[in-house]
Novice: 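Below are the structure tokens for one structure; questions will follow.
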Amino acid sequence: MENKDITILIADDDYDYLNQMDFHLKKFGFKTILANSQKECEEIIETTKPNLAIFDLMMENDDSGFILSYKLKKKYPDVPVILASAVSSVTGYIFEQENTDEQNWIKADKFLEKGIRPDQLHREINKLLEL
Amino acid sequence: METLTILTVDDEIGIRTGVKRALRNFIVSFPFHEDDFNFEIIDAASGEEALEIIYSKHIDIILLDNILPGIEGIEVLEKLKQDNINSAVMMITSHASIDLAVKATDNGAFNFIPKPFTQLELKSAIENITKHLLIKRITHKMKNEAKQIRFQFLSVLSHELKSPINAIEGYLQMMKEEEVGKDISAYKNMIDRSIERINGMRGLIMDMLDLTKIESGKKNRELNKVNIIDIAKMAIDSIIPIAVQKNINIESNFPEELISNVDSTEIEIIFNNLLSNAVKYNKDNGEVNFTIKEENNNIKITISDTGIGMSKEDIARLFKEFTRIKNRKTQNIPGSGLGLSIMKKLVDLNNGSIKVESEIDKGSVFTVYLHIE
Ligand SMILES: Nc1ncnc2c1ncn2[C@@H]1O[C@H](COP(=O)(O)OP(=O)(O)OP(=O)(O)O)[C@@H](O)[C@H]1O
Ligand SMILES: [Mg+2]
């Protein structure tokens, strides 16, 4: 599969972050679908299967990203999900992958802090897509 | 059922067994609390023995005789205070002297029960002290919950500050990497967006200052007789520069004068927030109508707009801190989601109320009622 046949679904309620992700992913050669809320993303998931999804954690709800990855995985179990967040461990959401119980529930393949460099992001995406 | 542990400290065996007998099957219940209380009774014949028990085991209530063979009851009390042990202490005294009473109360004794006492007197004293312990526990829990809320607020706040920083940093990185070439004009949009996000942060900081003012100012509000209409006119003046950019007309409908006993800063913040929203969430060439009138001993303030409107679900969450309604129509409008929560706090402070009506794509009407003092 070539990059141009790969569609990445991005959900983030920050307009600028969404724009920037769109820019970088297109530059890497991927197609993108953008959603700026949990609600809009849920509607997209109903009709469209992406090859990979990147969800912001906090949108309308504190756990929007969790809910989205749960819903996406239920419908398309093979689609990898990246959860991105601006919150770090200090604020209470601890992104440790040690807790396997929690991981089972959360159902994301990768947790990333926002602000990660685009080339790092590219590498993570390639790993998950086994490119 | 919850069990409280009582320690009886008395050298008279009669008292020790008497307490045991009286309280063995005693149950205390309160209409405001689900769990009933019963009691486990242990005893000590001297102050020294009592301290040993107290340091090895949690004791809820201590019945303490003052005249003991070794150290006196009052010394036991002092020791407990020193070591921060907060069992509730009830002194048992045969001839209560005022001196002792004062000294004991100073050292944290809860109350006194004169010796000899009847079973009934003992029971009613125990019931009292149980209520005291329960209330202490409930208020302690409430304080922790307040801390919890504060923590949540701070973590949301840090998220709200991190998002614009990430966005600006992202654009700066793109410029640094020259992602769209060497020509600066290609970056115009990124620069504009960065400035917009910085303005957003500035707004957030201003809102935070308003919030702290409210929190700390609750005690020293400055109520004065002022003309509300003057404040309203000032609020309009300060929003006009923004309204002009979208060619929005602000129609006002005021009486000459409406005097009320209020804190003018509070009223100003209320007006500013409502007007700012009516302009921000309006369409180009839209209308804002600002009406103030007196009605049944209330000041009725109505601010309506011809803007994007909101759904019923959105209205329900409107007054919560950091609520912003996210959709395509609002995505380019800066804001911190604090304005209305601040406004609500201030309206509450004035014993007022708020009504919101809205229709998507038609507009919104915010009505605030303030009681005239
Ligand atoms: N008149 C209105 N018409 C449509 N939507 C509104 C209106 N007023 C408020 N809203 C919605 O309610 C949300 C909360 O408003 P609020 O004033 O609390 O925050 P804000 O305007 O986003 O930020 P701030 O006032 O702190 O700068 C807004 O983000 C907006 O989506
Ligand atoms: Mg506002």
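Below, each value reflects all heavy atoms present in this structure, side chains not excepted, and no hydrogens, waters or symmetry copies. Just so we're clear, the structure is a prediction, and the values are computed from it rather than from any experiment. In the text below, chain A, chain B and the rest are named by the order of the sequence lines, each starting its count at 1.
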Novice: Under 6.0 Å from the CD atom of Glu130(A), do we count more than 12 heavy atoms belonging to anything else shown?
Specialist: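 Atom CD in Glu130(A) is not packed in, count stays at 12 or less.
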
Novice: Under 4.5 Å from any heavy atom of chain B, what part of Lys27(A) do you find: side chain, backbone, both or neither?
Specialist: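 Just the side chain, heavy atoms under 4.5 Å.
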
Novice: Would you compute the distance between atom CG of Asp12(A) and atom CG of Asn166(B) and round it to the nearest 0.5 angstrom?
Specialist: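 Asp12(A) CG to Asn166(B) CG: 9.5 Å, rounded to 0.5 Å.
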
Novice: For atom NZ of Lys49(A), is the number of surrounding heavy atoms from other residues, nucleotides or ligands below 6.0 Å larger than 12?
Specialist: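 More than 12 heavy atoms, drawn from other residues, nucleotides or ligands, come within 6.0 Å of this atom.
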
Novice: Step through the shown structure and confirm whether more than 12 heavy atoms of other residues, nucleotides or ligands are within 6.0 Å of NZ on Lys329(B).
Specialist: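 Yes, enclosed.
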
Novice: With a 4.5 Å limit on heavy-atom distance, are the side chains of Glu179(B) and His24(A) in contact?
Specialist: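 In contact.
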
Novice: Does any donor atom in the side chain of Tyr171(B) or Asp16(A) lie under 3.5 Å from an acceptor atom in the other side chain?
Specialist: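 Side chains of Tyr171(B) and Asp16(A): pair found under 3.5 Å.
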
Novice: For the side chain of Gln20(A) and the backbone of Ala167(B), is there at least one donor-acceptor N/O pair under 3.5 Å apart?
Specialist: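 Confirmed, Gln20(A) side chain pairs with Ala167(B) backbone.
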
Novice: Using non-hydrogen atoms and a 4.5 Å limit, figure out which bit of Arg197(B) sits close to chain A: side chain, backbone, both or neither.
Specialist: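 Arg197(B) touches chain A through side-chain heavy atoms alone.
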
Novice: Quick one: CD on Glu313(B) to NZ on Lys39(A), what's the gap to the nearest 0.5 Å?
Specialist: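 One finds 7.0 Å between CD of Glu313(B) and NZ of Lys39(A).
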
Novice: Where on Glu196(B) is there a heavy atom nearer than 4.5 Å to chain A: the side chain, the backbone, both, or neither?
Specialist: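 Nothing of Glu196(B), per the 4.5 Å heavy-atom cut-off to chain A.
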
Novice: Count the heavy atoms of every other residue, nucleotide or ligand shown that sit under 6.0 Å from CD1 of Ile184(B), and state whether that count exceeds 12.
Specialist: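 No, the 6.0 Å shell around CD1 holds no more than 12 heavy atoms from other groups.
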
Novice: What do you reckon, is NZ of Lys246(B) surrounded by more than 12 foreign heavy atoms closer than 6.0 Å?
Specialist: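 Count over threshold, so yes.
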
Novice: Quick check on the interface: out of Met190(B), Gln173(B), Arg193(B), who has the most heavy-atom pairs with chain A under 4.5 Å?
Specialist: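 Heavy-atom pair counts peak at Arg193(B).
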
